[in-house]
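As structure tokens, the structure follows; a few thoughts come after it.
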Amino acid sequence: MSIYFKHMAIIGVGLIGGSLSRVCKEKNLTGKITGFGRNESNLKKGVELGVIDSYSLDLKDAVRDADIVLLATPVRAMVDIVKMMIPHLKGGTIVTDVGSVKGYLVDKIEELLPKDISFVGGHPIAGTERSGVESSFLTLFKDSNCILTPTEKTNGEALKKIEELWHTAGAKVILMDAKDHDRILAAISHLPHLVAYALVNTIGDIDEDDNLLSLAGGGFKDFTRIASSDPVMWRDICLLNKDNLLEIISQFQGSIERLKRYIKKEKGTKLEDEFNKANRIRNSNNLMC
Ligand code: NAP
């Protein structure tokens, strides 16, 4: 199936929106791409870099005549943006998103959109700790997974087009229930980010002379790279996936408590068992760098 959109509007031209825009331009999937955001210098940069064709600081102008609208802002901004743009969308438009939390967004956006506008929830499992259009790049989604979360309300044609869009970007598409997505991502993505932020702050708090971290080696840098991720984006993800995140944080606290107990009681074999178990899980899931 070959896809072509006459006019794509990208709401939030940052790392993810900008990278998908680059794919659409490179593969000639679109006639024109209009960017929308709050910060004109980022959008101007997007035009200069050839990531988008033009931009507007006015949402209604950005989405007017669009046959596809990509929501790529932090997740808590998306519902208000949808509310504001609905009166200006034409019938037949596809709205899709790249948000890292799906349950709340899919429910809310499906509830808001009129019947002749399709919504397909999406989440590319690809990214870096960097933000803004200057960090975007063409191959970000190559060989990655992209989760789409259709419901019984999802228009089949729209779903096929969004699947094709992500295939063209180089991603393998996985269809999943939005609630399952949020439970799984809380464990494999949201918890690790939280732990990285907490670890850096723990060391920062004891680093009175501000020079402890200058001694940090590769392990610390590998582990904490994601603590450089955008705070607003991660604030939004944590609050929108609160219940799943609280549950997995409790399980994690249990694992830390167990390690603490083994260390306190000098249970070397138990500690070794824990570390061997982690080695086995990581190695058998092809997670070696
Ligand atoms: P980003 O680089 O910071 O880009 C977000 C863009 O949204 C910015 O260009 C920002 O531009 C715009 N924006 C922010 N708040 C806005 C608002 N209230 N109204 C309009 N525009 C707004 O972030 P990103 O990494 O591309 O993330 C975008 C989305 O993708 C998020 O929902 C995130 O959960 C999801 N995601 C991220 C990753 C990742 O690893 N980074 C991976 C998968 C999915 P202005 O400041 O000019 O408004």
Side-chain angles (χ1 to χ4, degrees), residues 9-23 33-49 51-52 55-63 69-85 95-106 108-109 121-137 139-142 144-149 166 169-171 173-174 176 178 181-182 184-186 188-190 192-194 196-197 225-241 245:
I10 299 193
I11 313 302
V13 188
L15 170 70
I16 303 291
S19 296
L20 195 61
S21 192
R22 285 178 189 269
V23 171
I33 301 182
T34 306
F36 170 81
R38 302 159 306 174
N39 168 0
E40 188 165 13
S41 62
N42 182 64
L43 294 165
K44 264 191 182 150
K45 194 81 206 169
V47 174
E48 269 166 43
L49 293 171
V51 174
I52 49 176
Y55 67 85
S56 175
L57 294 169
D58 185 337
L59 185 61
K60 71 175 181 310
D61 289 339
V63 302
V69 176
L70 176 77
L71 302 170
T73 64
V75 284
R76 287 206 311 167
M78 287 184 185
V79 169
D80 282 345
I81 287 171
V82 170
K83 282 183 191 161
M84 285 187 282
M85 74 188 189
V95 176
T96 189
D97 82 306
V98 294
S100 306
V101 182
K102 298 264 62 81
Y104 173 82
L105 287 178
V106 171
K108 273 281 174 206
I109 295 175
H123 178 202
I125 313 295
T128 73
E129 69 283 13
R130 301 182 55 208
S131 302
V133 70
E134 283 175 276
S135 339
S136 66
F137 57 100
T139 54
L140 175 62
F141 309 110
K142 195 169 173 289
S144 66
N145 291 314
C146 178
I147 298 175
L148 300 181
T149 56
W166 286 108
V173 172
I174 296 164
M176 195 182 281
H181 166 279
D182 288 356
I184 294 167
L185 269 290
I188 60 170
S189 170
H190 307 168
H193 278 80
L194 220 62
Y197 283 124
R225 177 183 59 79
I226 53 178
S228 295
S229 303
D230 183 59
V232 171
M233 179 174 120
W234 281 97
R235 174 202 68 192
D236 279 15
I237 292 170
C238 291
L239 296 179
L240 230 54
N241 201 16
L245 201 43

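Indexing begins at 1, ligand by ligand and atom by atom, following the structure's order. Worth saying up front: this structure is predicted, and the values here are computed from it rather than measured.
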Please confirm whether I81 comes within less than 3.5 Å of ligand 1 when only nitrogen or oxygen atoms on both sides are compared. no
Going by the atom numbers of ligand 1, which of them fall below 4.0 Å from some non-hydrogen atom of M233? 25 (O), 27 (O), 33 (C), 34 (O), 37 (C), 38 (C), 39 (C), 41 (N)
among protein heavy atoms, the one nearest atom 11 (O) of ligand 1 is N42 ND2, 4.3 Å
Nearest-option assignment for atom 22 (C) of ligand 1, heavy atoms, candidates I237, T73, D236: T73
Taking the side chain from K102 and the backbone from D182, do they hold a donor-acceptor pair closer than 3.5 Å? no
Under 3.5 Å, is there a donor-acceptor pair between the side chain of S19 and the main chain of I16? no
Whether W234 and H190 hold their rings parallel, tilted or perpendicular, with breakpoints at 30° and 60°: perpendicular
Calculate, to the nearest 0.5 Å, the distance between atoms CD and CG belonging to E134 and N42 respectively. 7.5 Å
Atoms in ligand 1 with a heavy atom of G99 nearer than 4.0 Å: 32 (O)
Quick one: closest heavy-atom pair of I125 and S144, and the distance? O-CB, 3.8 Å
Can you tell me if M78 has a non-hydrogen atom under 4.0 Å from ligand 1? yes
State if D97 counts as touching ligand 1 under the rule of any non-hydrogen atom under 4.0 Å. no
Under a 4.0 angstrom heavy-atom cut-off, which atoms of ligand 1 come close to G37? 21 (N), 48 (O)
Determine yes or no for a side-chain-to-main-chain donor-acceptor pair under 3.5 angstrom, with T96 supplying the side chain and G121 the backbone. no
Among all protein heavy atoms, pick the one closest to atom 12 (C) of ligand 1 and tell me residue, atom and distance. G12 CA, 3.7 Å
Surrounding CZ of R130 (heavy atoms of other residues, nucleotides or ligands, distance under 6.0 Å), is the total greater than 12? no
Please list, chain by chain and in numerical order, all residues satisfying side-chain contact (heavy atoms from CB on, under 4.5 Å) with A72, sequence neighbours excluded. L70, V98
Tell me if a side-chain donor or acceptor on S135 pairs with a main-chain N or O of S131 at a distance below 3.5 Å. yes
Nearest non-hydrogen protein atom, atom 35 (C) of ligand 1: V98 O, 3.3 Å
Nearest-contact summary for atom 40 (O) of ligand 1 - protein heavy atom, Å: G127 CA, 3.3 Å
Is the closest N or O pair between H123 and ligand 1 shorter than 3.5 Å? no
What protein heavy atom sits nearest atom 18 (N) of ligand 1, and how far off is it? A77 CB, 3.5 Å
Is it the side chain (CB and beyond), the backbone, both or neither of A126 that lies under 4.0 Å from ligand 1, heavy atoms counted? backbone
From NZ (K44) to CD1 (I52), nearest 0.5 Å: 12.0 Å
Atom pair NZ/CE of K108 and M78 - distance to nearest 0.5 Å: 15.5 Å
For atom 24 (P) of ligand 1, find the nearest protein heavy atom and state the residue, atom name and distance (0.1 Å precision). I16 CG1, 3.9 Å
Any nitrogen or oxygen of R130, main chain or side chain, under 3.5 Å from a nitrogen or oxygen of ligand 1? no
For atom 46 (O) of ligand 1, the protein heavy atom that lies nearest, with its residue and separation: R38 NH2, 3.0 Å
In chain order, what residues pass the side-chain contact (heavy atoms from CB on, under 4.5 Å) check against M176, with sequence neighbours excluded? I147, I174, D180, H181, I184
The atoms of ligand 1 lying under 4.0 Å from a heavy atom of F36, numbered in the order shown, are 20 (C)
Do me a favour and list the nearest non-hydrogen protein atom to atom 5 (C) of ligand 1 with residue, atom name and distance? A72 O, 3.5 Å
Does any N or O of ligand 1 fall below 3.5 Å from an N or O anywhere on S100, backbone included? yes
